[in-house]
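See below for the structure under consideration.
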Amino acid sequence: MGNKTKELLEISKKYEPSCLNWQAPVVWDHAKGAEIWDVDGKHYIDWTSGVLVANVGHAHPALAEALAKQANRLLNPFDFPTPERILLTKRLVELFPPHLDKAFFVTTGSEATDAAIRMAKRYSGKFEILSFWGGFHGRTYGPMSVAGSQKIKKGFGPTVPGTIFSPYPYCYRCPFGKTFPDCDMYCLKFLDKVIEVESTGDLGALIIEPYQGAAGFIFPPDGFLKRLENWAKERDLVFILDEVQSSYGRTGTMWAFEHENLKPNIVTLGKGIGSGVPIAAVVTESKIVNSLGTGEMSSTLGGNPLSCAGALAVLDIMEKEKLVERAKNLGGYLKERLVDLKKKYNFIGDVRGRGMVYGIEFVKDKDSKEPAPELTKEIVLKCVESGLMVGKVGLYGNVLRVAPPLVIEKELIDKSVEIFDSVLSKIKR
Ligand SMILES: Cc1ncc(COP(=O)(O)O)c(C=O)c1O
């Protein structure tokens, strides 16, 4: 560890809370595209995008220029519209199917979840919401109440009443012990049983991630989301799709819902929308958002001109550099390379994902599928030591996330896979 890193980490330990739980002892100094340098000048290839944020790459000059220009002009009139906000709203809404005709800006993904739940409850007039095992939608009280994991809520007392949970299709570890496709998506049929037992008859909405990020990059089988949507429509439920991390080209389409031509009633956005600038959004239907009265929902910094100017620049960059196509094509190549590694190592249980987002699940061995969190921790530290910036997630702490900025070059993909392979080859089993 370099001297500057050591010095700063000592200060951090003294003044910052231990819950911050850094992935590895590295202090980022600056970054460009898909490369990062720490405060001691060590170089890394980025497989994190700073937790799926920097979709357009780190320190993109067009984003930096837009922010500098805006900072010199206007930062924050609350209670009054600005050109940046109005133009961003129009541009964003035009990227959605026609029924999603309104956008509302907030600052974080958690706030977007809260706003979506409030809108769904007001519109439906019902208080119950269906969520899924392993689901993660943020850490404030609303999102915590729909979190499908104890990790977020243990010890915090009663959550907001009304959430009903059902298993997410985690096919690698099916909670019903079934196998896809023979199961015919039993988890969907199970929904009716859950509602029959748990609901008071006041179910108004459901919230789901197109793939579960924090739970371990769990991708549902093709067709699951469409069938779920049909199930929800038959019951007149508001369908909230949490695209805070799956949007902005991450999965190889602008929005993850495009893969199955879904028609959600509410879509939440975050992370990639600002590519590092704090902004998040709820995109929805007029009839839903207009059920809120004047002043019932707003946020001091939501839609501030600086963030909106940044988000407009992000859209320009995505279009100009064709980042969605890039994520699809180069991401396919990355997937092939990762799947090759799965064949090579008995401790890689599963590789799943699409576009520029993959989860690699480490296990004791392929037959037992027993999660290997200690091994995962060791791999994270060794990758970082070797110049590959990675992080781990998952219900069992045994999933490595592979989510580089969408601008990553093929040469850097090759180099990063080489580093990864070399780290794995030295693991003693
Ligand atoms: C799917 C999903 N929803 C919501 C959130 C919460 O976003 P934020 O951390 O910006 O509050 C996250 C953050 O990781 C997320 O992955």
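First listed ligand is number 1; within each ligand, the first listed atom is number 1. Only heavy atoms go into these numbers, but all of them, side chains included; no hydrogens, no water, no symmetry mates.
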Atom-level proximity to ligand 1, residues with heavy atom under 4.0 Å: T108, G109, S110, F136, H137, G138, E209, D242, V244, Q245, K271
R337 to F420 six-membered ring, cation-pi geometry met (6.0 Å, 45°): no
Donor-acceptor pair between W47 and S416 side chains, under 3.5 angstrom: yes
Side-chain donor/acceptor of E243 to backbone N/O of A256, under 3.5 Å: yes
Trace of the side chain to side chain contact (heavy atoms under 4.5 Å, CB included) decision for I360 with F217: CA-CA 8 Å; I360 301 180; F217 293 87; over 6 Å; no
Parallel, tilted or perpendicular: rings of F257 and F96 (30°, 60°): tilted
F132 and F224 aromatic ring geometry - parallel, tilted or perpendicular at 30°/60° bounds: perpendicular
